[in-house]
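Letters A, B, ... are given to chains in the order of the sequence lines, protein chains preceding strands, and every chain is numbered from 1.
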2 protein chains.
Amino acid sequence: MAAQEQVDLLFHALADATRRDIVMRTMQGEHSISSLARSYAMSFAAVQKHVALLERAELVIKRRQGREQLVRGNVEAIRDVHALLDQFEAVWRSRIDRFGEILATDWNEGGTT
Amino acid sequence: MAAQEQVDLLFHALADATRRDIVMRTMQGEHSISSLARSYAMSFAAVQKHVALLERAELVIKRRQGREQLVRGNVEAIRDVHALLDQFEAVWRSRIDRFGEILATDWNEGGTT
DNA sequence: ATAATCTACAACTATATGGTTGTAGAAATG
DNA sequence: CATTTCTACAACCATATAGTTGTAGATTAT
């Protein structure tokens, strides 16, 4: 899969509150799909679809233990997204540097809100 | 709009290569919708839809200048996404701290790759 | 004044997505 | 061994999305 498609998938996977919650829970510790499914007001199959999408986005990793699949969050993928956002910010910063807009530094840049 | 819906929108807006490119270009400097549209192999109306979605996600800001709308990137929204990702990483870190897995610290944590 | 450019949106189409129900196999439990 | 639990996926439906074409008004250029 091309890099851009993987990036599409990463952001798309996080564009849903249920999936974000699954990632958050599995960052804390491993969960089976059934135990995850018990937390959401939707069918088991729906949760399973969410987990499958998260796996394709490499935001979670599954490992089988007997009849159960245990799911754990993958912090490396979060760091990948982080790095992409850093690129956006770097472009914005280079714009300020280029124009040398002194007023720009008055924009609460990284400061108090 | 609820906070979670806005987060959905933010990640969804970034889940498309064309929209990411629009954000990147407008982080560098203001562009009219027409000048943006000339960069992509799709209709003007399609690009306009993308810009509208980015505006709803607050990733870009529009200002009218005569008959043109000038679009500029909004780094604050990028920082909002950043902060969300930091929360995921914080949860992952607290898991490591809780278990006190010494081996975990050998995982190139924040170090050389 | 007229033509060109820019923008906005409606209506449409094809595809993708989110969730459900149903079926079925593997493993754990009693 | 029988039952229960867990998982995987197909087929379906309703809704959302991505892009197109067409129409129209506002602004700028000639």
Side-chain angles (χ1 to χ4, degrees), chain A residues 1-2 4-26 29-73, chain B residues 1-2 4-26 29-73:
Chain A
M1 178 179 284
Q4 284 283 25
E5 284 173 6
Q6 186 63 21
V7 176
D8 290 356
L9 197 45
L10 264 174
F11 279 114
H12 175 73
L14 291 168
D16 179 272
T18 300
R19 290 198 290 273
R20 286 196 300 275
D21 194 70
I22 291 172
V23 173
M24 191 65 83
R25 286 171 189 266
T26 54
E30 272 185 329
H31 289 272
S32 68
I33 302 180
S34 288
S35 71
L36 284 171
R38 284 190 282 275
S39 309
Y40 306 105
M42 61 179 70
S43 68
F44 172 87
V47 175
Q48 189 174 47
K49 274 193 169 191
H50 282 308
V51 173
L53 199 155
L54 289 170
E55 187 181 26
R56 285 200 284 114
E58 296 179 19
L59 279 158
V60 301
I61 296 165
K62 276 155 64 176
R63 76 180 173 92
R64 181 170 287 278
Q65 192 179 63
R67 68 187 174 186
E68 290 184 338
Q69 285 277 21
L70 296 181
V71 184
R72 72 174 194 273
Chain B
M1 178 179 285
Q4 285 282 25
E5 284 172 4
Q6 187 64 20
V7 175
D8 290 357
L9 196 46
L10 264 174
F11 279 114
H12 174 74
L14 291 168
D16 179 271
T18 300
R19 291 199 289 275
R20 288 196 299 277
D21 194 69
I22 292 173
V23 173
M24 190 66 83
R25 288 170 187 265
T26 55
E30 273 186 328
H31 289 271
S32 69
I33 303 180
S34 286
S35 71
L36 283 172
R38 284 190 282 274
S39 309
Y40 306 106
M42 61 178 71
S43 67
F44 172 86
V47 175
Q48 188 175 47
K49 272 192 171 191
H50 282 307
V51 173
L53 201 155
L54 290 170
E55 187 183 26
R56 285 202 283 116
E58 296 179 18
L59 279 157
V60 301
I61 297 165
K62 276 154 66 176
R63 75 180 174 91
R64 182 170 286 279
Q65 191 179 64
R67 68 187 171 191
E68 291 184 338
Q69 285 276 22
L70 297 181
V71 184
R72 73 174 192 273

Please classify the nucleic acid contact of B:Thr18 as base, sugar-phosphate, or nothing, using heavy-atom distances under 4.0 Å. nothing
To the nearest Å, how far apart are B:Asp16 CG and C:dT17 P? 12 Å
Given atom CG of B:Leu54 and atom C1' of D:dT17, what is their separation to the nearest angstrom? 14 Å
Partner residues of A:Arg72 under the side chain to side chain donor-acceptor pair (under 3.5 Å) criterion, sequence neighbours left out: none
To the nearest Å, give me how far apart CG (A:Leu36) and C1' (D:dT7) are. 13 Å
May I have the distance from A:Leu53 (atom CG) to C:dA16 (atom P), rounded to whole angstrom? 14 Å
Roughly, in whole Å, what's the span from CZ in B:Arg63 to P in C:dC6? 16 Å
Can you tell me how far C1' of D:dA18 sits from CG of B:Leu14, to the nearest Å? 17 Å
For D:dA18, does OP1 or OP2 lie under 4.0 Å from any side-chain N or O of A:His12? no
Residue set satisfying salt bridge (charged side-chain N to carboxylate O under 4.0 Å, His left out) with B:Arg63, at least two apart, ordered chain then number -> B:Glu30
Can you list everything that forms a salt bridge (charged side-chain N to carboxylate O under 4.0 Å, His left out) with A:Glu68? Sequence neighbours excluded, please. none
With sequence neighbours excluded, tell me which residues meet salt bridge (charged side-chain N to carboxylate O under 4.0 Å, His left out) with A:Arg20. B:Asp8
A:Arg19 side chain to A:His12 main-chain N or O, any donor-acceptor pair under 3.5 Å? yes
Roughly how many Å is it from CG in B:Asp21 to P in D:dA18, rounded to a whole number? 16 Å
Can you check whether A:Lys62 has a side-chain N or O nearer than 4.0 Å to OP1 or OP2 of D:dA8? yes
What pairs with B:Arg67 under side chain to side chain contact (heavy atoms under 4.5 Å, CB included), at least two apart in sequence or on another chain? none
Could I get the full list of salt bridge (charged side-chain N to carboxylate O under 4.0 Å, His left out) partners for B:Glu58, not counting sequence neighbours? none
Can you find a side chain N or O atom of A:Gln69 that sits less than 4.0 Å from OP1 or OP2 on D:dA8? yes
State which residues pass side chain to side chain donor-acceptor pair (under 3.5 Å) with B:Thr18; sequence neighbours excluded, sorted by chain then number. none
Taken to the nearest whole Å, CD1/B:Ile33 to C1'/D:dG19 is 16 Å
Heavy-atom contacts under 4.0 Å between residues 41-51 of chain A and DNA chain C, which residues? A:Met42, A:Ser43, A:Ala45, A:Ala46, A:Lys49, A:His50
Out of C:dC6, D:dT7, C:dA8, which has the shortest distance to the side chain of B:Arg64? C:dA8
Closest of C:dT7, D:dA18, C:dG18 to the B:Arg19 side chain is D:dA18
Shorter than 3.5 Å, N or O on both sides, protein versus nucleotides 28-30 of chain C: list them out with atom names.
residue, atom, partner, partner atom, Å
C:dA28, OP1, A:Arg67, N, 2.5

Side-chain touch A:Leu14/B:Leu14, heavy atoms, less than 4.5 angstrom: no
